[in-house]
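Following: one structure in C-alpha cells, then a few remarks.
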Amino acid sequence: MKTVTEQGKEVFEYGNKYWLMLDEKETKRIYPVKEVRVEEMKWRKWADDWLVHLISPNVYRTPREALASFDYIVREGKFGTVEGFFAKYMGAFAMFFVSKRLKKRHHLQDNVREDLYEAVNEWVKAVGKHRLFMGGNQPNLADLAVYGVLRVMEGLEAFDDMMVHTKIQPWYQRMEEVIQKAEAAV
C-alpha cells in the first residue's frame with residue numbers, strides 16, 4: 001500500500017509484513033492462541049518502529065561516544081590504516097550530527113538514554129515475570145527482533161549503561177544462551 005509519512009514522503013507499506021504464512025497445523029503448534037500471534041506481531045513492529053531508532057542517538061550521543069563507536073567499528077571491520085583513520089574520524093564526526101537530527105525527528109528526550117531505558121524496561125515488563133521469553137519457554141520472532149536490535153550496541157558505552165540501568169540483563173543472557181546452543185547444534 002502507498003502511504004504518506006509524517007514528513008509528507010510517499011512510501012510503500014506492506015500490510016502483512018509481520019504475518020507468518022504457515023499451514024494450519026504449524027500455526028496451531030506455534031500459536032496455540034490467536035493472542036500469542038498478535039502479541040508477537042505487535043512487538044516485532046515495535047522493535048522496527050521504535051526500538052531501532054533509539055540506537056544511533058545513543059551510541060553517537062557525544063563526540064567521545066561517537067569516536068569510541070567508530071573505533072570499535074574500524075577495529076572489528078578490519079579496515080586498513082588509512083581507510084580506518086578516515087572511517088573512524090569522519091564517520092564519528094558525521095554520525096554525531098546525524099544522531100542529533102534523529103533525536104529531533106523521533107522526539108527523543110534531551111537525555112536519550114532515558115528513552116532507551118524506558119523502551120527496554122517496557123519490553124521486560126511485556127515479557128513478564130512468569131515467562132522466560134516473549135515466546136514462553138523458547139524465544140519467538142519478537143524476542144529475536146529485540147535481541148538483534150540491542151545486540152548491535154554490544155561493546156559500546158550505551159550497551160553497558162543499558163545493562164546497569166534497566167532490568168534487561170537476565171532476558172538478554174537467556175537469549176545469548178539459546179543462540180549459542182543453536183549455533184553449536186549447526
Side-chain angles (χ1 to χ4, degrees), residues 13-60 65 68-80 83-84 87 91 95 113 115-186:
E13 296 250 341
Y14 299 91
N16 63 350
K17 182 177 177 179
Y18 299 103
W19 186 262
L20 295 181
M21 295 183 205
L22 305 168
D23 65 31
E24 192 174 327
K25 183 179 177 183
E26 193 68 6
T27 299
K28 286 181 180 175
R29 186 183 71 78
I30 295 174
Y31 305 110
V33 179
K34 182 182 180 187
E35 290 76 24
V36 172
R37 189 177 207 175
V38 171
E39 180 182 50
E40 177 186 283
M41 289 170 50
K42 170 192 167 187
W43 287 101
R44 287 172 57 208
K45 184 172 176 18
W46 174 85
D48 286 352
D49 292 348
W50 178 242
L51 186 62
V52 75
H53 297 295
L54 300 176
I55 303 305
S56 290
N58 273 281
V59 300
Y60 307 118
E65 283 183 272
S69 296
F70 268 87
D71 182 58
Y72 179 79
I73 290 167
V74 167
R75 192 173 55 250
E76 294 297 316
K78 298 174 179 51
F79 285 77
E83 296 92 350
M95 287 308 295
R113 285 288 203 276
D115 289 301
L116 178 63
Y117 300 159
E118 287 174 17
V120 167
N121 282 331
E122 181 182 359
W123 167 254
V124 171
K125 184 177 177 184
V127 171
K129 294 178 181 177
H130 304 293
R131 295 190 283 189
L132 296 174
F133 305 100
M134 180 65 70
N137 289 330
Q138 292 295 315
N140 65 13
L141 292 175
D143 288 292
L144 291 172
V146 172
Y147 176 81
V149 170
L150 298 179
R151 173 87 169 81
V152 302
M153 294 189 305
E154 263 193 48
L156 304 175
E157 186 177 329
F159 183 85
D160 296 340
D161 286 351
M162 176 186 70
M163 287 296 174
V164 169
H165 294 97
T166 70
K167 298 177 180 180
I168 195 79
Q169 192 167 12
W171 172 86
Y172 194 87
Q173 288 175 334
R174 288 191 298 271
M175 284 297 296
E176 285 189 318
E177 290 169 13
V178 167
I179 289 168
Q180 286 171 358
K181 285 179 187 174
E183 286 175 344
V186 173

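Throughout, residue positions are numbered sequentially from 1 according to the sequence presented. For the numbers below, each heavy atom of this structure counts, side chains included, while hydrogens, waters and symmetry mates do not.
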Given side chains that start at C-beta, do those of Y147 and R174 come closer than 4.5 Å, heavy atoms only?
-> no

W123 and W43 aromatic ring geometry - parallel, tilted or perpendicular at 30°/60° bounds | perpendicular

Could you grab the distance from atom CH2 of W50 to atom CD of E118, nearest 0.5 Å is fine?
-> 8.5 Å

How close do S69 and Y60 get, heavy atom to heavy atom, and via which atoms?
-> CB-CE2, 3.6 Å

Please tabulate, for side-chain N and O atoms in residues 178-186, each donor-acceptor pair with protein atoms closer than 3.5 Å (sequence neighbours left out).
none

Heavy atoms of N58 and L54 approach each other most closely as ND2-O, 2.7 Å

Residues in salt bridge (Lys or Arg N to Asp or Glu O under 4.0 Å) with E154, at least two apart?
-> R151

Pairing residues for E176 by the side chain to side chain donor-acceptor pair (under 3.5 Å) criterion, not counting sequence neighbours | none

Sequence neighbours left out, what pairs pass salt bridge (Lys or Arg N to Asp or Glu O under 4.0 Å) with at least one residue falling in residues 133-149?
-> none

What's the shortest heavy-atom distance between V152 and L156, and which atoms?
-> O-CD1, 4.3 Å

Salt bridge (Lys or Arg N to Asp or Glu O under 4.0 Å) filter on D115, not counting sequence neighbours, yields none

Tabulate below the donor-acceptor pairs under 3.5 Å that side-chain atoms of residues 159-170 make, not counting sequence neighbours, or state none.
| from | atom 1 | to | atom 2 | distance (Å) |
| --- | --- | --- | --- | --- |
| D161 | OD2 | R113 | NE | 3.0 |
| D161 | OD2 | R113 | NH2 | 3.0 |
| H165 | ND1 | Y117 | OH | 3.3 |
| H165 | ND1 | D161 | O | 3.0 |
| T166 | OG1 | M162 | O | 2.5 |
| T166 | OG1 | I168 | N | 3.4 |

Just distance, no hydrogens or angles: give the donor-acceptor pairs under 3.5 Å from side chains in residues 129-139, sequence neighbours left out.
| from | atom 1 | to | atom 2 | distance (Å) |
| --- | --- | --- | --- | --- |
| R131 | NE | V127 | O | 2.9 |
| R131 | NH1 | E39 | OE1 | 3.0 |
| R131 | NH1 | M134 | O | 2.9 |
| R131 | NH2 | E39 | OE2 | 3.2 |
| R131 | NH2 | A126 | O | 2.7 |
| R131 | NH2 | V127 | O | 3.4 |

Return the minimal non-hydrogen interatomic distance between V149 and A47, and the atom names on each side.
-> CG2-O, 4.2 Å

Would you mind reporting whether L116 and M153 have side-chain heavy atoms less than 4.5 Å apart?
-> yes

Could you pull out all residues at least two apart from E83 that satisfy side-chain contact (heavy atoms from CB on, under 4.5 Å)?
-> F79

State, yes or no, whether a side-chain contact exists between V146 and W171 at a heavy-atom distance under 4.5 Å.
-> yes

Could you tell me which residues satisfy side chain to side chain donor-acceptor pair (under 3.5 Å) with R75, sequence neighbours excluded, listed by chain and number?
-> D71

Starting from the C-alpha separation in whole Å, work towards a yes-or-no answer on side-chain contact (heavy atoms from CB on, under 4.5 Å) for M41 and L141.
-> CA-CA 8 Å; M41 289 170 50; L141 292 175; over 6 Å; no

